[in-house]
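Dropping a structure here in structure tokens format, bear with me for questions.
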Amino acid sequence: MTRTSPSAVDPGPEPEKRRRTPQRGRPKILDHDRIIAAALDMLTDQGLASFTLHKLALRLNVSVMTLYTYFPSRDALLNEVASTIFSSFEAPASGLPWREWMAAYLHELRHLFDRYPVGLHLIKFDGEVNPSWMRVLIPLIRELSDMGLSGRQISITNNWIIRTSLALLIARISLREEGVSVRDFAIPLYDMTDADRALMMAIAEPDADIADDIYDLGVRNIILGLEDMLRG
């Protein structure tokens, strides 16, 4: 009987190496920026009143507790969203003639809230003005000071400019809906002459440019008001 040396034993086929199957549908890594972006999208779609961390967690496909590791509360997250919005505001360069500077500032304010309409509701929520709103206010206060105003004059003028422009911006957002409601509901129900009905129909038709025209008119009136203040 012939013995076979151990080295001559046929080990058989080499075992197949296991291949790692890539996971499909793996969620993206969660981070601060992704949460802020998702919150902004949700606020734009659904508004501030219905915004909750629970709904945001469902949108991101994570648990609410995971969100709490990044933000301790709903208000903390909203503060960060507001900071993201208001830090994107680009004030005009200093050194421009004040009328030109003011017109540019007010139009940049319009562009800010065109990009982020929900920002109008984040200036103040839960009874407090958001600290990041100061990034928008400080350039205006500085310009008013450079124009020669001081103390109480700056306080009154700053409040008047901001409140007037924000009211105009809110009107821009609701203008189209109001036009449709006048045309479709108020006119059929109200007892009026044919001539008055024709006049109402003329102003009730939505116009893509009318909202901007109204805001531009407001900007011109703000500048005229400042001219009167400086003369006085």
Side-chain angles (χ1 to χ4, degrees), residues 36 40-41 43-44 47-48 78-180 182 203 205-232:
I36 294 296
L40 256 175
D41 287 344
L43 287 163
T44 301
L48 180 61
L78 290 174
N79 277 326
E80 284 295 313
V81 172
S83 179
T84 298
I85 292 172
F86 300 140
S87 64
S88 71
F89 179 79
E90 295 183 7
S94 59
L96 293 172
W98 75 262
R99 292 173 184 81
E100 186 178 338
W101 189 96
M102 196 63 61
Y105 175 90
L106 292 171
H107 283 105
E108 175 57 28
L109 195 66
R110 182 187 70 186
H111 295 150
L112 175 70
F113 291 116
D114 280 347
R115 295 193 302 272
Y116 305 110
V118 72
L120 286 165
H121 304 287
L122 293 177
I123 296 171
K124 182 178 181 180
F125 62 92
D126 288 342
E128 295 183 1
V129 174
N130 194 284
S132 59
W133 175 241
M134 294 300 107
R135 297 176 184 176
V136 179
L137 285 187
I138 291 297
L140 175 59
I141 294 170
R142 190 184 301 124
E143 181 66 18
L144 294 174
S145 176
D146 291 344
M147 289 165 59
L149 303 182
S150 62
R152 190 166 183 270
Q153 285 180 313
I154 291 180
S155 178
I156 293 171
T157 308
N158 169 67
N159 272 281
W160 169 62
I161 292 172
I162 290 298
R163 291 178 187 277
T164 301
S165 56
L166 291 181
L168 289 167
L169 289 166
I170 292 170
R172 284 181 79 247
I173 294 172
S174 61
L175 189 62
R176 182 177 294 274
E177 289 78 7
E178 288 174 358
V180 171
V182 169
I203 69 166
E205 287 299 324
D207 185 333
D209 298 324
I210 194 172
D212 287 339
D213 291 343
I214 290 172
Y215 189 78
D216 290 342
L217 178 61
V219 169
R220 290 195 295 272
N221 277 282
I222 287 173
I223 292 174
L224 288 172
L226 285 170
E227 288 175 347
D228 285 344
M229 181 175 291
L230 292 173
R231 280 196 299 265

Would you confirm whether Ser88, through its side chain, and Ile85, through its main-chain N or O, come within 3.5 Å as a donor-acceptor pair?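 Here the side-chain-to-backbone pair exists.
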Glu80 side, atom CD; Asn130 side, atom CG - distance, nearest 0.5 Å: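 It is 9.5 Å, given to the nearest 0.5 Å.
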Non-hydrogen side-chain atoms of Leu78 and Leu43 separated by less than 4.5 Å: yes
With sequence neighbours excluded, residues passing side-chain hydrogen bond (donor to acceptor under 3.5 Å, both in side chains) with Arg99: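 Once residues adjacent in sequence are excluded, the partners of Arg99 under the side-chain hydrogen bond (donor to acceptor under 3.5 Å, both in side chains) criterion are Glu227.
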Check Trp98 against Ile223 and note the closest heavy-atom contact, atom names and distance. CH2-O, 3.7 Å
With sequence neighbours excluded, residues passing ring-ring contact (aromatic ring centres under 6.0 Å, His included) with Phe86: Trp133
Donor-acceptor contacts, no H, no angles, side chain residues 111-124, under 3.5 Å, sequence neighbours left out:
| residue | atom | partner | partner atom | Å |
| --- | --- | --- | --- | --- |
| His111 | ND1 | His107 | O | 3.2 |
| Asp114 | OD1 | Arg172 | NH1 | 2.8 |

Distance from Ile36 atom CD1 to Asp41 atom CG, nearest 0.5 Å? 11.5 Å
Those residues that, when tested against Asn158, pass side-chain hydrogen bond (donor to acceptor under 3.5 Å, both in side chains) (two or more places apart):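 Counting only residues at least two positions away or on another chain, Asn158 forms no side-chain hydrogen bond (donor to acceptor under 3.5 Å, both in side chains).
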For Ile162, is there any backbone N or O sitting under 3.5 Å from a side-chain donor or acceptor partner on Ser165? yes
What is the minimum heavy-atom distance between Ala103 and Val219, and which atoms define it?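 Of all heavy-atom pairs spanning Ala103 and Val219, the closest is CA-CG1, 4.2 Å.
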Return the CD1 to CG distance between Ile214 and Leu217, rounded to the nearest 0.5 Å.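 Reported value, rounded in 0.5 Å steps: 8.0 Å.
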Got a second to check how far Ile156's CD1 is from Leu149's CG, nearest 0.5 Å?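 If I round to the nearest 0.5 Å, the distance is 10.0 Å.
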Who are the side-chain hydrogen bond (donor to acceptor under 3.5 Å, both in side chains) partners of Ser83, not counting sequence neighbours? Arg135
Would you list the pairs meeting ring pair (Phe, Tyr, Trp, His ring centres under 6.0 Å) in which at least one residue belongs to residues 137-162, sequence neighbours left out?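 The answer is none; no pair qualifies.
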To the nearest 0.5 Å, what is the distance between CG (Leu48) and CZ (Phe125)?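 Rounded to the nearest 0.5 Å, the CG-CZ separation comes to 7.5 Å.
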How close do Ser87 and Thr84 get, counting heavy atoms only, and between which atoms?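 Heavy-atom minimum between the residues: OG-O, 3.2 Å.
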Any chance you could lay out the side chain to side chain contact (heavy atoms under 4.5 Å, CB included) test for Ile161 and Leu106, step after step, and finish with the verdict? CA-CA 9 Å; Ile161 292 172; Leu106 292 171; 3.9 Å; yes
Check whether any side-chain heavy atom of Leu168 sits under 4.5 Å from a side-chain heavy atom of Arg110, and report yes or no.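 Side chain of Leu168 against side chain of Arg110, heavy atoms only: no contact under 4.5 Å found.
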With sequence neighbours left out, write down each residue that passes side-chain hydrogen bond (donor to acceptor under 3.5 Å, both in side chains) with Glu90, or none if nothing qualifies.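 With sequence neighbours excluded, Glu90 shows a side-chain hydrogen bond (donor to acceptor under 3.5 Å, both in side chains) to no residue whatsoever.
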Sidechain-backbone polar pair: Ser145 side chain, Ile141 backbone, donor-acceptor under 3.5 Å: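 It does not hold such a pair.
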At their closest point, which heavy atom of Ile154 faces which heavy atom of Leu144, and how far apart are they?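 Nearest pair, atom of Ile154 first, then Leu144: O-CD1, 4.1 Å.
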Under the side chain to side chain contact (heavy atoms under 4.5 Å, CB included) rule, collect the residues that match up with Asp228, sequence neighbours excluded.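 Only Arg231 meet the side chain to side chain contact (heavy atoms under 4.5 Å, CB included) criterion with Asp228.
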Which residues satisfy the ring-ring contact (aromatic ring centres under 6.0 Å, His included) test with Tyr105, sequence neighbours excluded? Phe89, Trp101
Which residues share a salt bridge (charged side-chain N to carboxylate O under 4.0 Å, His left out) with Asp146, sequence neighbours left out: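 None.
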Please round to the nearest 0.5 Å and tell me the distance separating atom CD of Glu128 and atom CG of Asn79. 9.0 Å
